[in-house]
Student: 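Here it is, the structure, as structure tokens.
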Amino acid sequence: MTIGSTVFGYPRIGPKRELKRAVEQYWAGKIDEAALQQTARELRAQTWAELSELDSIPSNTFSFYDQVLDTTQLFGAVPHRFRDLGLSELDTYFAAARGRDGAQALELTKWFDTNYHYLVPELGPDTEFRLATDKPIAEYREALALGVTTRPVLLGPVTYLLLAKSTVPDFQPLDLLDGLVEAYVELLGRLRVEGVEWVQLDEPAFAADRSPAELDALRRAYRTLGGLPGRPKLLVTGYYGDLGEAFGILAESQVEAIGVDLVSAPDASVTVPAMRDKILVAGLVDGRNVWRTDLHAALAKAASLLGSAREVVVSSSSTLLHVPYDLEAETLDPDVQARLAFARQKVREIVLLGQALRTGADGAWADEAKRDLPQPRRDDHVRARIEALRPEHRTRAPYAERAAAQQERLGLPPLATTTIGSFPQTGDIRKARAAVRKGDITEDEYGQRMRDEIGRVIDLQEDIGLDVLVHGEPERNDMVQYFAEHLEGFAGTEFAWVQSYGSRCVRPPIIHGDVSRSKPMTVAWSTYAQSLTSKPVKGMLTGPVTILAWSFVRDDQPLADTAAQVALALRDEISDLEAAGIRIIQVDEPALRELLPLREKNQAAYLEWSVGAFRLATSGATTGTQVHTHLCYSEFGEVIGAISDLDADVTTIEAARSKMEILEGLDFPRGIGPGVYDIHSPLVPTEDDVVALITEAVRAVPGERLWINPDCGLKTRGYAEVEPALRNLVAAANRVRADLR
């Protein structure tokens, strides 16, 4: 048996974001495809070398953009609007991801309950699957040429279809299962010819609640795949939660191994049926957070499973895509660093656990397991404030009363125009931030450069004609990291990048202790911007749930407790913004849907504390202060009730790629701004494009409650795209506004 210790996947952007830089250089025409492919080969070789201590090494975990898009291309399901552009295979792939020549990109949304985003397949009754590329085979050969035998990893067929959207009404992508499974049959056959012994099929969709029909689809798929003669052995994984009923279905099939996540669902093992003919791949090392594994507890858990399967193998709980590469690259507070493990350290933990399970807990394992870890930072004042909270601390005046007071104070027109917050981060901004960090310029010099940029952004918005302005956030490297740098209880990193989508990478801060605010964080920037204009400027904050979702959060207390601590810090910031004369304050919660538990039985408790944290942060605002929130790239329909319960005066959401689908049948009682400009694509919408979207929106929302805005912040775009797009947005709003009178 070759699977003794393994991981379900590994980071792919490169320890220094080599892939990001190469891909963006290719998009800009600075390097050719050969140079890009060379970078990819180097990163794959480096990954396989780093995993050399494992008993089984995965391949086909590399992607230029997204593994779901890879699957779409692999099986010939790229929509015709991209194939008809007449581009190379690689450029067609990138066109589907980003849009090109008038062809709108595939919809982007969150990958289960993570901060990774995937590109949604578009499937219809005319979709015909076929094996269109040889990517898994080519990467297996590539590793073999380096002397590494790998286990190709594929997105499972049922999960792929469940992640897709239909191109026509009343059609279910799952109806395409038989044709897709046949394409998998062909691929497995070709992999077997190559000499592949094991193939991994990921089915994380079954960590969520599934209907009888969906469970039956899983049964049918693996009855076919498991029953294939002469195929590679199959490891089917279901990370991000408890497989529930799906585990029994897989246990009854002829697949040789099943992978389970025993971190997200630590009690899942008690439901594991006897599977004496199969291998259980136990996900015991957290693939989504950065804390060191309790090796004693993990080994005990593994040992308790020995009687339930033919063999127990140690693995990460999920793909390690969600954690940074290497802790050794960082210089953190020693007490914090001693508690952490990044991808390379987690691989070492897995190797040690596998060895201990096979040969006994001694040697290197014993040395590592006996280390005492420092305790988290404690703040008794913050804990006392939380103990003193009452329901009135999460309640504002009725919306009608607030709306009247805000309109009298602000005097905004119907179809008020604004942006989400950030403006493009130019090279000069990034250079200034790097210079002050290195000590090449003083804090005062840096502050003046940021004020100059704010002035430029305010002037631009005035010229464009937006109704509500923003300061552009030039001082913020990231909407969570900025606040982490100004709050106690957080640690920042220098090289701990993880992929969010495509070439977009983030450095999640680490919440290692109790959270508190020692001084205002945004007031000076907001008040300076407001001093430059008579139009209202929004104060911009990131909400407590999003700060948690986009950080690595301490695991020694409930998320709800940490969220309340962050919310109190934001509540104090809002109070200071109001005192400084800021009339509109936006508290972004794009991750509200992201953290929603995959199982319905766990969702009510989450929504109670997450909504409560937002309201704790915002309910101290006075009646005349307009509170906005922003959500993006999630399935909002699943949590629309919770979004309403946030009780924000205005909610802005992604809607451009989905063409206002979120508004169908929507009964939302307060202000709403469905995005009309897809900022994740380089395409500039025309005025007519925006008019069409606004016209669709006004059918569902009265003009006085409808806001016109982009889908998301503009940080990742360039001014050459942003300025014409915003001018078209304002012109379109003015056209439709005139028709409302």
Side-chain angles (χ1 to χ4, degrees), residues 5-24 38-54 56-67 111 114-117 139 143 146 148 150 153 239 263 283 285-293 315-333 336-352 368 477-478 480-481 484 491-512 550-553:
S5 59
T6 192
V7 294
F8 292 144
Y10 202 68
R12 59 200 185 204
I13 58 173
K16 297 181 180 179
R17 295 181 295 163
E18 292 90 342
L19 181 62
K20 168 190 171 67
R21 293 190 178 91
V23 165
E24 291 179 352
Q38 179 59 30
T39 297
R41 284 190 292 273
E42 290 169 358
L43 290 174
R44 289 192 291 266
Q46 182 176 350
T47 292
W48 295 323
E50 290 176 7
L51 300 181
S52 60
E53 285 191 280
L54 295 170
S56 180
I57 298 173
S59 62
N60 198 44
T61 58
F62 174 84
S63 176
F64 279 120
Y65 203 99
D66 167 50
Q67 71 271 7
W111 171 255
T114 77
N115 186 34
Y116 180 77
H117 305 62
E139 291 189 17
L146 297 172
V148 182
T150 60
V153 177
Y239 42 78
V263 175
V285 171
D286 195 342
R288 297 176 57 181
N289 212 335
V290 295
W291 306 104
R292 287 184 56 198
T293 303
S315 179
S316 53
S317 64
S318 69
T319 170
L320 295 177
L321 175 72
H322 308 297
V323 296
Y325 274 86
D326 189 7
L327 180 63
E328 296 304 316
E330 303 296 330
T331 303
L332 301 171
D333 179 284
V336 175
Q337 190 144 348
R339 295 162 54 198
L340 303 177
F342 292 177
R344 288 175 180 168
Q345 289 72 42
K346 289 177 182 293
V347 169
R348 183 59 183 159
E349 289 179 333
I350 290 165
V351 169
L352 290 173
E368 185 71 15
N477 45 7
D478 178 85
V480 171
Q481 186 178 346
T493 63
E494 188 171 358
F495 304 108
W497 297 97
V498 295
Q499 184 182 26
S500 180
Y501 64 88
S503 66
R504 170 70 171 149
C505 303
V506 295
R507 279 183 297 160
I510 299 165
I511 305 179
H512 60 83
W550 296 354
S551 299
F552 294 119
V553 185

Student: When you compare the side chain of Tyr116 with that of Gln499, does any pair of heavy atoms fall below 4.5 Å?
Tutor: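 A side-chain contact exists here, since the closest heavy-atom pair is under 4.5 Å.
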
Student: Run Ser316 and Ile350 through side chain to side chain contact (heavy atoms under 4.5 Å, CB included) and show every step you take.
Tutor: CA-CA 7 Å; Ser316 53; Ile350 290 165; 4.0 Å; yes

Student: Among Glu24, Arg17, Arg21, which one satisfies side chain to side chain donor-acceptor pair (under 3.5 Å) with Ser503?
Tutor: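 Of all the options given, the one that passes is Glu24.
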
Student: Thr61 versus Thr319: any side-chain heavy-atom pair under 4.5 Å?
Tutor: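 Sidechains of Thr319 and Thr61: no contact.
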
Student: So, for Thr493 and Ala496, which heavy atoms are closest and what is the spacing to 0.1 Å?
Tutor: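 Closest approach of Thr493 to Ala496: OG1-CB, 3.1 Å.
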
Student: Report yes if some heavy atom in the side chain of Pro508 is under 4.5 Å from a heavy atom in the side chain of Val480; otherwise report no.
Tutor: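 Answer no - side chains too far apart.
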
Student: Got Asp478 and Trp550 here, is their nearest side-chain heavy-atom distance under 4.5 Å?
Tutor: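 Of all side-chain heavy-atom pairs linking Trp550 with Asp478, none is under 4.5 Å.
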
Student: Check whether any side-chain heavy atom of Leu54 sits under 4.5 Å from a side-chain heavy atom of Val351, and report yes or no.
Tutor: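 They are in side-chain contact.
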
Student: Just how far is it from atom CG of Leu320 to atom OG of Ser315, taken to the nearest 0.5 Å?
Tutor: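 Leu320 atom CG to Ser315 atom OG measures 8.0 Å (nearest 0.5 Å).
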
Student: Where do Thr47 and Pro11 come nearest, in terms of heavy atoms and distance?
Tutor: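 Answer, listing the atom of Thr47 first, then Pro11: OG1-O, 4.1 Å.
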
Student: Report the C-alpha distance between Thr150 and Trp48 in whole Å, list the side-chain angles of each, state the deciding distance to 0.1 Å, and finish with yes or no for side chain to side chain contact (heavy atoms under 4.5 Å, CB included).
Tutor: CA-CA 9 Å; Thr150 60; Trp48 295 323; 4.1 Å; yes

Student: Say whether, by atom type as modelled, one donor and one acceptor occur between the side chain of Trp291 and the main chain of Val553 under 3.5 angstrom.
Tutor: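 Checking the backbone N and O of Val553 against the side chain of Trp291, a donor-acceptor pair under 3.5 Å is found.
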
Student: For Lys346 and Asp286, indicate whether the former's side chain and the latter's backbone hold a donor-acceptor pair under 3.5 Å.
Tutor: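 Yes, Lys346 side chain to Asp286 backbone: donor-acceptor pair under 3.5 Å.
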
Student: Are the side chain of Asn289 and the backbone N or O of Phe552 linked by a donor-acceptor pair below 3.5 Å?
Tutor: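 No; zero donor-acceptor contacts below 3.5 Å.
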
Student: Could you pull out the closest heavy-atom pair between Ala491 and Val336, with the gap in Å?
Tutor: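 Minimum heavy-atom contact is CB-CG1, 4.4 Å.
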
Student: Can you list the steps and then say if Lys20 with Ile13 is a side chain to side chain contact (heavy atoms under 4.5 Å, CB included)?
Tutor: CA-CA 6 Å; Lys20 168 190 171 67; Ile13 58 173; 5.6 Å; no

Student: Looking only at the side chains, is there a donor atom on one of Gln46 and Tyr325 sitting less than 3.5 Å from an acceptor on the other?
Tutor: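 Checked: Gln46/Tyr325 side chains show no N/O donor-acceptor pair below 3.5 Å.
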
Student: State which residues pass salt bridge (Lys or Arg N to Asp or Glu O under 4.0 Å) with Glu50; sequence neighbours excluded, sorted by chain then number.
Tutor: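 Glu50 satisfies salt bridge (Lys or Arg N to Asp or Glu O under 4.0 Å) with Arg344 once adjacent residues are dropped.
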
Student: For Gln345 and Arg348, test the side chains for any donor-to-acceptor distance below 3.5 angstrom and give the result as yes or no.
Tutor: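 No donor-acceptor contact under 3.5 Å links the two side chains.
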
Student: Does the Arg288 side chain pair with the main chain of Val263, one donor and one acceptor, at a distance under 3.5 Å?
Tutor: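 Here the side-chain-to-backbone pair does not exist.
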
Student: What pairs with Glu42 under salt bridge (Lys or Arg N to Asp or Glu O under 4.0 Å), at least two apart in sequence or on another chain?
Tutor: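 Salt bridge (Lys or Arg N to Asp or Glu O under 4.0 Å) list for Glu42, sorted by chain: empty.
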
Student: Under 4.5 Å between any side-chain heavy atoms of Pro58 and Val7, yes or no?
Tutor: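 Side chain of Pro58 against side chain of Val7, heavy atoms only: contact under 4.5 Å found.
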
Student: Are any side-chain N or O atoms of Thr6 and backbone N or O atoms of Ser56, one a donor and one an acceptor, separated by less than 3.5 Å?
Tutor: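 Indeed, once roles are kept as given, a pair shorter than 3.5 Å links the two residues.
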
Student: Just wondering, do Leu321 and Arg12 contact through their side chains at under 4.5 Å, heavy atoms?
Tutor: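 Yes. Closest side-chain heavy atoms under 4.5 Å.
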
Student: Between Tyr10 and Phe8, does the ring centre distance come in under 6.0 Å?
Tutor: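 Ring centres of Phe8 and Tyr10 not closer than 6.0 Å.
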
Student: Nearest 0.5 Å, what's the CD-CD distance between Glu330 and Gln337?
Tutor: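 So the CD of Glu330 and the CD of Gln337 are separated by 7.5 Å.
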
Student: Identify the heavy atoms of Ser317 and Tyr239 that sit nearest to each other, and give their distance.
Tutor: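 Heavy atoms of Ser317 and Tyr239 come nearest at O-CB, 3.1 Å.
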
Student: If you round to the nearest 0.5 Å, how far is CZ of Arg339 from CG of Leu332?
Tutor: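 Those atoms lie 11.5 Å apart.
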
Student: Write down the atom of Ser52, the atom of Ile57, and the distance for their closest heavy-atom approach.
Tutor: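 Between these two residues, the closest heavy atoms are CA-CD1, 3.9 Å.
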
Student: So, taking the atom named CZ in Arg507 and the one named CD in Glu494, what distance separates them when rounded to the nearest 0.5 Å?
Tutor: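 Taking CZ in Arg507 and CD in Glu494, the distance rounds to 7.0 Å.
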
